[in-house]
Amino acid sequence: MASSNNHNKSSSLSSTSSYGPQPAVKFARRTSSGRVVSLSRDDDLDLSSEYNEPNDYVNYTVQMPPTPDNMPNSTQSNPPHHQRNDTTDSLNRPTGGRGDDNSDATTKTKGTYGVGNAFRPKDNESEPFPYSHDDFEMSIDDFISKPWKPLSRKTKVAAAILSPYRVQNPNKDAMWLWGMSVVCEIWFAFSWILDQLPKLNPVNRSTDLAALHEKFEQASPANPLGKSDLPGIDVFVSTADPEKEPPLVTANTILSILAVNYPIEKLCCYISDDGGALLTFEAMTEAVNFAQFWVPFCRKHNIEPRNPDSYFSIKGDPTKNKKRPDFVKDRRWIKREYDEFKVKINGLSESIQKRCDAYNKREERKERKIAKEQNLDQPINIVKASWMADGTHWPGTWTFPCPDHKKGDHAGIIQVMSKFPENDPVYGHMDEKSLDFTGIDIRLPLFVYVSREKRPGYDHNKKAGAMNAMVRASAIISNGPFILNLDCDHYIYNSLALREGMCFMMDRSGDRICYIQFPQRFEGIDPSDRYANHNTVFFDGNMRALDGLQGPVYVGTGCLFRRFALYGFHPPRANEYAGLFGQIKYPAPHIQAQSDDDEEQPLNIHPDLNLPKKFGNSAMFSDSIPVCEFQARPLMDHKSVKNGRPPGALLAPRPPLDAPTVAEAVAVIACWYEDKTEWGSRIGWIYGSVTEDVVTGYRMHNRGWRSVYCITKRDAFRGTAPINLTDRLHQVLRWATGSVEIFFSRNNPFLATTRLKFLQRIAYMNVGIYPFTSIFLVLYCFLPAFSLFSGHFIVETLNITFLSYLLIMTLCITLISLLEVKWSGIALEEWWRNEQFWVIGGSSAHLAAVLQGLLKVIAGIEISFTLTSKSTAEDEDDIYADLYVIKWTSLFIVPLTIMVINVVALVLGFSRTVYSVIPQWNKFFGGAFFSFWVLAHMYPFAKGLLGRKGKLPTIVYVWTGLVTITVSLLWISISPPDDTTTSVSSGGGGNIQL
């Protein structure tokens, strides 16, 4: 009955709704008896004045299902289930609109607390149905008579909680922009982790030169005369082109080596002239002649540095800490001699040309005289040869190339320019024409000129092949157990540097060290270091951190090698590391050498762990290998030394250098010597990469050797670096291309042995992977411009959450960088310059390196590089004149495009925002901030393109501004701001769509 009344009431309400406005919402509930009780208090309100038009909210009734809370008579008997359904169905329903869905949902809940969707009878059953489980029956009445609520819940953890904020909050208006930014940021995070992990254990090292002197150079029962028991060192200097590497620079490097503070009879210097130039040969001859005065002068007055050009360029009082009364007179005299020496070196090219012209004319006269005597009418063709001072043909390359005398086709040359010094000191005497060297040792170390043979049809392997040729020649001549390699523009700045390196090699655990890497320091860099030439972040940060692992990487120069390790042999003791992170350490097993007849290798041995066998057909070279291994051992003066040599074993004098020895040295530098050998694959410097230095060091670490980073109080070595933007980018291009080659070769650290530590493996992985960051970096540098062009940002809105995440990440990275700056001693300006050039080099040289590396791997296209020029600009009044020289290269295209597009996007984005109906400044400021951030990193690149200050005409700036404004206005006219996309959810404002 009640149900019928309610139904009629609902019908009457519905029928009257068309004649006048009704209340917007009515509230009612059904009692246990099925009667509907109205809860609305505004039944009598007249709303006709406010609702003159019908709408969706008129005649809307909210039905409240019965619950124990709103059923005061819950103890009464419940009506049958089907009657309750009929009552529910007969309740007033909305006439249309949005109320239909809500009413339908209300009626389908069955109106009972505790049932709902969790316990619903089947649609075709009107009576309660039993629920049985293990002989236990339950019906719907049990739930109605006694309300039931679960005491616990189980929910799954959403996978999105593990995702970063940027991944969880996409910008649905610009998914393409958000997707590119997220991909780039994920790669940057991965690259940052690779860079930070090897920095977890930085160390500092120090040496004790007094203890070294006491141990090896003091009188003892095994050394009664107190002679030096230090091992020998062979110093290698490499040069290739006298036009790009001035002979005067190379000569000063040689002079600093010959004057180094190390036992003279234990030191030998070799220069490799891979170009076979007569100019370099005669410049070295002049350097040896000048060294006869310069070296004793340095020993007499303890000169630092011992590079004459650098010494005479020092600004300050030269008499500081000088005690001898004749220092001023001696310095004036040696300065005059050095000026004459420079004039000779700079005039060598002209004097050689005059000499060659005179000899060639003489040969032409002879030929004409012979032709006249024989009455020959044929034209006389005289080959214009290059002549030495003694009137003989130069066996290397000639000024006018011809067969057997051109680059890539000339004979091998070995010239001993200063003989082996005496084993005992030779003291000077008073000389009125020169300096007073009384009581000063005037001996010079052995100095040898080497130019390996080159012939067409042979792969000479660039610098690595030249270094291996010097290794073989020096093994025949001097066989120093340690090798120091220097570039021709890197000289010894600290005369005690070799002794500091020997402190590590001669320590009780030094027999496990394969090389000592010294940091590179540079001169002639502009005061602001515009292109981060000092590279202090790498040399004082990354390299020092690697020293706490298995050792720093080999960087090509300023490195003291153990000759035995260069030959590809294993350390006397090594460890292997197992486990996912290499946490399990155990001694490495000893690998036996295989015979030449056994070609098969055990499958369980890594290829890099096989011992070298094929050194070539020189018996003299093979005999020198065990000698250098024995001489490189530390002294066995304590029971803790496991692999040492007895004291006094190196006091015997060297054997004299005879003609057969020199002939054997010439034979081992022949172009055919490396055929069917393991040189370049397992022995010596490794071939196959333009960065042979990194690969060579990696192979040593892969065999279990360790390396040491030696930072001295006074810089050990100093050199020059290209300050011109083009030369600097080409240098970075060569390094990055070598890293890409490493990544796609068998030298990839993924394939390393178990003797390589986990973090050391990560460091080498970073060496091979870092060029690929350029792909994401270039894309990320364009994102601010894309944002300003499209009117969208990488996030939907610049809300507090996004800014908080950005602030927290920035602070964390800044604090980590400050910590790194603190323990490495890097200045903040140097850190910022490194960040700037990382963007400049990453968007130009690194990207080109990736493309070249892929071309070499996929298409087999070889990569050729030009030698980095060491010469200065023509303006002698300004030592930084080369900084302002603009030499166009294709590497400028990408960073220049980034700059132009970001500048245009800034102007365009500002114009679009100003002309919008509802300006959205938050999106503009987001894109503008990151665009300015990109341009701030590109600032040194822009200065390099502008050249010298004041040289760029003002009209260029004027036209740049006019073109930018014109393009911006043209873009706005073509694609004007759209105010039809205003959305309530975004808080107003239009979304500009491209």
Under the side-chain contact (heavy atoms from CB on, under 4.5 Å) rule, what do L777 and W838 come out as? Steps first, then yes or no, please. CA-CA 10 Å; L777 178 62; W838 176 75; 3.9 Å; yes

Please determine, by modelled atom types, if [X] and [Y] share a side-chain donor-acceptor pair under 3.5 angstrom.
| X | Y | result |
| --- | --- | --- |
| S689 | E741 | yes |
| D274 | S272 | no |
| Y780 | E185 | yes |
| W187 | T773 | yes |
| E304 | S495 | yes |

Quick check: closest heavy atoms across [X] and [Y], and the distance to 0.1 Å?
| X | Y | value |
| --- | --- | --- |
| Y491 | P305 | CE1-CB, 4.2 Å |
| Y531 | G944 | OH-CA, 3.1 Å |
| I516 | I513 | CD1-CG2, 3.7 Å |
| F482 | R562 | CD2-CA, 3.9 Å |
| E820 | W823 | CA-NE1, 3.3 Å |
| L729 | A845 | O-CB, 3.6 Å |

Would the distance check show the side chain of D540 and the main-chain N or O of S824 forming a donor-acceptor pair, the cut-off being under 3.5 Å? no

For the backbone of A240 and the side chain of E245, can you confirm whether one donor and one acceptor N or O come within less than 3.5 Å of each other? yes

Could you check whether any side-chain heavy atom of [X] comes within less than 4.5 Å of a side-chain heavy atom of [Y], counting everything from C-beta outward?
| X | Y | result |
| --- | --- | --- |
| I711 | M543 | no |
| I525 | H534 | yes |
| Q852 | L733 | yes |

With side-chain contact (heavy atoms from CB on, under 4.5 Å) as the test, pick out the partner of F290 among L255, I345, L258. L255

Among V553, V555, L560, which residue meets the side-chain contact (heavy atoms from CB on, under 4.5 Å) test with Q517?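 When V553, V555, L560 are each tested with Q517, the side-chain contact (heavy atoms from CB on, under 4.5 Å) holds only for V555.
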
Evaluate the side-chain contact (heavy atoms from CB on, under 4.5 Å) criterion for residues V850 and I775: first the C-alpha distance (whole Å), next the side-chain angles of each, then the deciding distance (0.1 Å), finally the verdict. CA-CA 9 Å; V850 173; I775 301 174; 4.2 Å; yes

Evaluation steps, side-chain hydrogen bond (donor to acceptor under 3.5 Å, both in side chains), between H701 and Y764: CA-CA 10 Å; H701 286 145; Y764 276 112; 2.7 Å; yes

Could you state the interatomic distance from [atom1] ([X]) to [atom2] ([Y]), rounded to the nearest 0.5 Å?
| X | Y | atom1 | atom2 | result |
| --- | --- | --- | --- | --- |
| I193 | N766 | CD1 | CG | 11.5 Å |
| I893 | S844 | CD1 | OG | 11.0 Å |
| D273 | S238 | CG | OG | 10.5 Å |
| C710 | M505 | SG | CE | 10.5 Å |
| T207 | R499 | OG1 | CZ | 11.5 Å |
| R699 | I686 | CZ | CD1 | 4.5 Å |

Taking it one step at a time, do V839 and E835 satisfy side-chain contact (heavy atoms from CB on, under 4.5 Å)? CA-CA 7 Å; V839 176; E835 292 294 315; over 6 Å; no

Are D547 and R544 ion-paired here, with the side-chain N under 4.0 Å from a carboxylate O?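 No salt bridge links D547 with R544.
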
Is the closest basic N to carboxylate O distance between R718 and D489 below 4.0 Å?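 Salt bridge: no.
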
Over 12 foreign heavy atoms within 6.0 Å of [atom1], [X]:
| X | atom1 | value |
| --- | --- | --- |
| F188 | CZ | yes |
| W933 | CH2 | no |
| F932 | CZ | no |

Do R521 and Y493 meet the cation-pi criteria used here (NZ or CZ under 6.0 Å from the six-membered ring centre, within 45° of the axis)?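 Verdict for Y493: no cation-pi partner in R521.
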
Check for me whether R728 meets the cation-pi criterion with F837, that is, NZ or CZ under 6.0 Å from the six-membered ring centre and within 45 degrees of the ring axis. yes

I need the single residue from F561, Y698, F518 that forms a ring pair (Phe, Tyr, Trp, His ring centres under 6.0 Å) with Y554. Which is it? F561

With a 6.0 Å cut-off on ring centres, are [X] and [Y] close enough?
| X | Y | answer |
| --- | --- | --- |
| W888 | F892 | yes |
| Y311 | Y338 | no |
| Y770 | H846 | yes |

For R734 and Q731, what are the C-alpha separation, side-chain angles and deciding distance, and is it a side-chain hydrogen bond (donor to acceptor under 3.5 Å, both in side chains)? CA-CA 5 Å; R734 183 175 63 85; Q731 184 185 56; over 6 Å; no

Using 30° and 60° as the class limits, which term best fits the ring planes of H490 and F522: parallel, tilted or perpendicular?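 Because their plane-to-plane angle is over 60°, the rings of H490 and F522 count as perpendicular.
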
Checking side-chain hydrogen bond (donor to acceptor under 3.5 Å, both in side chains) between K463 and each of D693, N468, D487, which is the one that passes? D487

Start with the C-alpha distance between K322 and I303, add both sets of side-chain angles, then the distance that settles side-chain contact (heavy atoms from CB on, under 4.5 Å), and finish with yes or no. CA-CA 9 Å; K322 305 303 178 188; I303 299 299; 4.0 Å; yes

